[in-house]
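Working notes, structure below.
Letters go in sequence order (proteins before strands), and every chain restarts at 1. Below, all heavy atoms of this structure are taken into account, side chains as well, without hydrogens, waters or symmetry copies.
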Amino acid sequence: MTDALDAAAIDDLMAESGDSSTDGSFRVRLDNFEGPFDLLLNLISRRQLDVTEVALSQVTDEFISYLAALDEWDLGKATEFLVVAATLLDLKAARLLPAAEVEDEEDLALLEARDLLFARLLQYRAYKLAAAYLGELERTQSKRHGRAVELEPRFAELLPEVLLDISPQQFAALAAQAMVPRPVPVVKTDHLYAPQVSLQEQLAIVRSRLRRSGAATFRALAGDCTLTIEVVARFLGLLELYRDGLVAFDQAAPLAELRVRWTGPDADQDADADNSSNIDEEYA
Amino acid sequence: MNADTVDEETLPTVAAAPVDAGRLAAALEAILFVVEAPVTVTALAAAVQQTTDAVADALDALRTGYDERGAGIDLREVGGGVRIYTRAEHADAVEQFLQEGQRSRLTQAALETLAVIAYRQPVTRSRVSAIRGVNVDGVVRTLLARGLIVEVGTDPETGGGLFRTTELFLEKMGLNSLEELPSLAPLLPDIEGLDAIAPDDL
Amino acid sequence: MNADTVDEETLPTVAAAPVDAGRLAAALEAILFVVEAPVTVTALAAAVQQTTDAVADALDALRTGYDERGAGIDLREVGGGVRIYTRAEHADAVEQFLQEGQRSRLTQAALETLAVIAYRQPVTRSRVSAIRGVNVDGVVRTLLARGLIVEVGTDPETGGGLFRTTELFLEKMGLNSLEELPSLAPLLPDIEGLDAIAPDDL
């Protein structure tokens with residue numbers, strides 16, 4: 001039991017542990033997934049492919065048909081997916097980029113960031129495998145029972161006097177702590193959205209730039225971002241504008257330059273700014 | 001573990017598969033190791049799906065084995081059943097161990113359970129378990145053994161035993177009465193709503 | 001001391017007198033029979049007033065004896081101590097007699113969080129959350145309530161609470177120490193490099 005597990009053995013364990021990623025539809029996976037890493041890992045492992053070979057358009061199609069089958073539009077799930085899709089696209093782009101062509105410092109920085117993302121994903125996977133191993137240990141050990149029986153009276157009397165070195169106030173705090181309702185677990189992604197990056201702000205930036213210039217490439221719109229999360233936020237902002245019919249997209253081919261055109265009113269009709277005032281909450 | 005010994009002749013002898021005698025004894029030993037009270041041969045036979053005769057033989061072998069190797073435990077017939085006990089001649093070692101034990105301080109889990117019982121008494125074990133989100137059987141047993149709580153009647157609805165804190169508890173806490181326990185109200189958001197908590201969020 | 005535990009033998013002398021090995025093993029067996037958690041060899045040695053070496057030898061003999069006769073119980077080193085358990089192969093028979101109520105198994109989320117804590121301890125909640133990609137507050141609370149992890153101080157940099165696994169964790173996993181956890185190294189990218197990344201870099 002103390003032997004180091006080799007990766008293959010752990011993979012077997014993981015397969016046995018009923019990982020739902022190996023079969024089933026999007027629905028199955030989404031019902032089980034826990035967060036972006038989980039979904040991403042599932043998507044990649046399900047296809048048993050390198051990231052570069054994942055057909056993102058196929059995954060997207062599956063997801064859209066999944067969403068279409070839902071009774072209600074689920075903004076939460078859609079947002080999750082966008083984050084994942086953006087990450088996946090990032091990874092894929094980084095993998096496809098021939099190393100020799102990386103001369104631009106900007107590209108290099110981007111590449112590094114993406115490799116870190118991939119490393120994070122591997123880390124996540126490692127702990128998932130370790131968890132499968134722990135689960136196996138727990139299953140085995142739970143079949144062994146220690147004796148948990150009241151002491152025979154003659155022995156019970158011999159226990160040393162019990163010590164309660166705790167003040168009534170500490171005792172009350174303990175009771176309160178034990179009795180507070182545990183929060184219902186929810187899938188949160190606020191760790192992905194760095195709190196200092198406001199979607200609303202990023203949306204305002206792209207809106208004002210597009211309104212001013214009429215059209216721009218996404219690369220240009222996101223050119224001054226320093227954090228990946230800002231790029232993601234601007235992309236989400238664009239989708240928001242698209243939903244409101246304020247912008248249109250043009251892309252000649254997959255992975256080609258993405259152009260964005262302003263199709264909303266030109267004038268300073270800023271009344272609609274209120275519509276997006278709660279957008280951070282919506283996505284948080 | 002129902003009623004007393006049943007007349008062995010009347011038992012439906014389920015055509016038990018012949019089983020290795022050593023293995024049967026081992027299964028019985030495992031069962032007897034964990035039980036809280038003497039078990040009838042009938043109940044054992046049902047658990048291992050063997051005849052009472054086979055079980056009786058295996059128990060004999062087990063007892064003889066303990067005696068022959070001078071084990072620290074022995075098998076005794078008590079109150080119509082059998083149970084394993086520590087052998088009397090090793091009682092001094094057990095006593096020595098218990099008295100030296102580092103068990104004088106309550107664990108965090110025991111303290112928290114005690115706190116819940118103190119503030120919700122009288123309360124059933126399952127209620128405490130629901131509040132804490134974990135099984136509290138072992139901890140409740142410890143608190144009982146330490147004389148900090150007692151069982152006082154049963155819950156009319158569930159039939160579960162109701163527990164209260166004792167005078168010893170008050171004494172240990174340096175309190176004159178339960179009224180002196182600090183109020184939880186300032187510490188809790190909405191104590192009334194707490195009854196509605198789901199037992200476990202996982 | 002109660003009157004019914006009169007023993008004809010003289011008590012062991014204070015200095016570790018040479019003692020019959022079989023008798024020592026029996027005394028240890030008697031002690032191990034009553035404990036509710038793993039016991040260290042040191043504590044056993046103090047109770048029987050023998051050297052830890054002598055105790056370790058006697059425990060080996062006890063374990064070998066259980067193995068050789070294919071007993072229903074065995075002696076395991078778990079959580080830094082030793083304890084007697086029923087053998088896993090008799091779990092079905094044993095569980096019919098246990099009144100422990102429902103045995104709730106850890107969820108996948110709880111296991112994964114536990115894994116991160118086990119390998120990175122002491123570790124903050126936010127660090128675990130960053131590695132797992134989800135909020136872990138609810139799961140951490142449950143693990144705390146079950147006594148599988150404890151808070152041990154705060155992170156000097158972030159002020160967040162630091163968590164460790166407990167002895168109970170080891171016992172539930174059947175591990176003797178954290179060193180028995182398999183190495184993650186072959187599975188991981190350069191994990192030190194990852195530590196340098198702030199979560200918001202994502």
Side-chain angles (χ1 to χ4, degrees), chain A residues 17-20 31-35 38 76 127-128 130-132 134-135 137-188, chain B residues 30 33-37 84-86 91 94-95 98-106 108 110-116 118-120 131-133 137-138 141-148 168-169 172-175 180-184 186-191 193-194 196-198 200-202:
Chain A
S17 72
D19 194 32
S20 60
D31 283 348
N32 289 294
F33 92 110
E34 249 221 315
D38 205 27
Y127 284 114
K128 224 172 150 55
L134 288 186
L137 285 184
E138 189 206 15
R139 262 191 297 281
T140 310
Q141 182 67 4
S142 72
K143 289 185 183 162
R144 302 184 185 115
H145 296 277
R147 193 164 177 269
V149 171
E150 219 169 309
L151 281 176
E152 294 165 43
R154 63 173 176 176
F155 292 140
E157 284 171 15
L158 293 168
L159 288 173
E161 205 185 341
V162 68
L163 222 76
L164 274 190
D165 50 355
I166 182 170
S167 74
Q169 281 69 30
Q170 289 169 318
F171 190 72
L174 209 59
Q177 183 195 322
M179 284 151 76
V180 160
R182 285 175 292 283
V184 178
V186 286
V187 175
K188 284 194 184 175
Chain B
F33 181 73
V34 299
V35 294
E36 296 230 25
I84 298 177
Y85 292 87
T86 52
V94 175
E95 287 164 6
L98 292 176
Q99 283 176 318
E100 288 191 7
Q102 330 82 318
R103 311 171 120 212
S104 55
R105 194 160 270 138
L106 290 180
Q108 184 70 11
L111 268 179
E112 282 182 20
T113 300
L114 184 59
V116 173
Y119 279 93
R120 301 300 285 265
I131 291 172
R132 296 216 49 236
D137 291 1
R141 198 160 47 231
T142 303
L143 295 174
L144 282 168
R146 301 340 273 286
L148 295 169
L168 181 68
F169 161 76
K172 297 275 175 197
M173 290 294 298
L175 300 172
E180 286 182 23
L181 277 174
S183 165
L184 282 191
L187 298 166
L188 283 178
D190 169 20
I191 199 163
L194 292 180
I197 314 166
D200 205 320
D201 58 62
L202 272 189

So do B:V34 and A:H145 actually touch side chain to side chain, heavy atoms under 4.5 Å?
-> yes
Interface moiety of B:T113 toward chain A, non-hydrogen atoms closer than 4.5 Å | neither
So what's closer than 4.5 Å to chain A heavy atoms on B:Y119: side chain, backbone, both or neither?
-> side chain
How far apart are the closest heavy atoms of A:A176 and B:L184, and which atoms are they?
-> N-CD2, 4.0 Å
Tightest non-hydrogen contact, residues B:I84 and A:R147, listed as O-NH2, 4.3 Å
Name the region of B:L181, side chain, backbone, both or neither, that has any atom closer than 4.5 Å to a heavy atom of chain A.
-> side chain
Please look at B:L143 and chain A and tell me whether the side chain, the backbone, both or neither of the residue comes under 4.5 angstrom of a heavy atom of that chain.
-> neither
Separation of B:L114 CG from A:F171 CZ (nearest 0.5 Å) | 4.0 Å
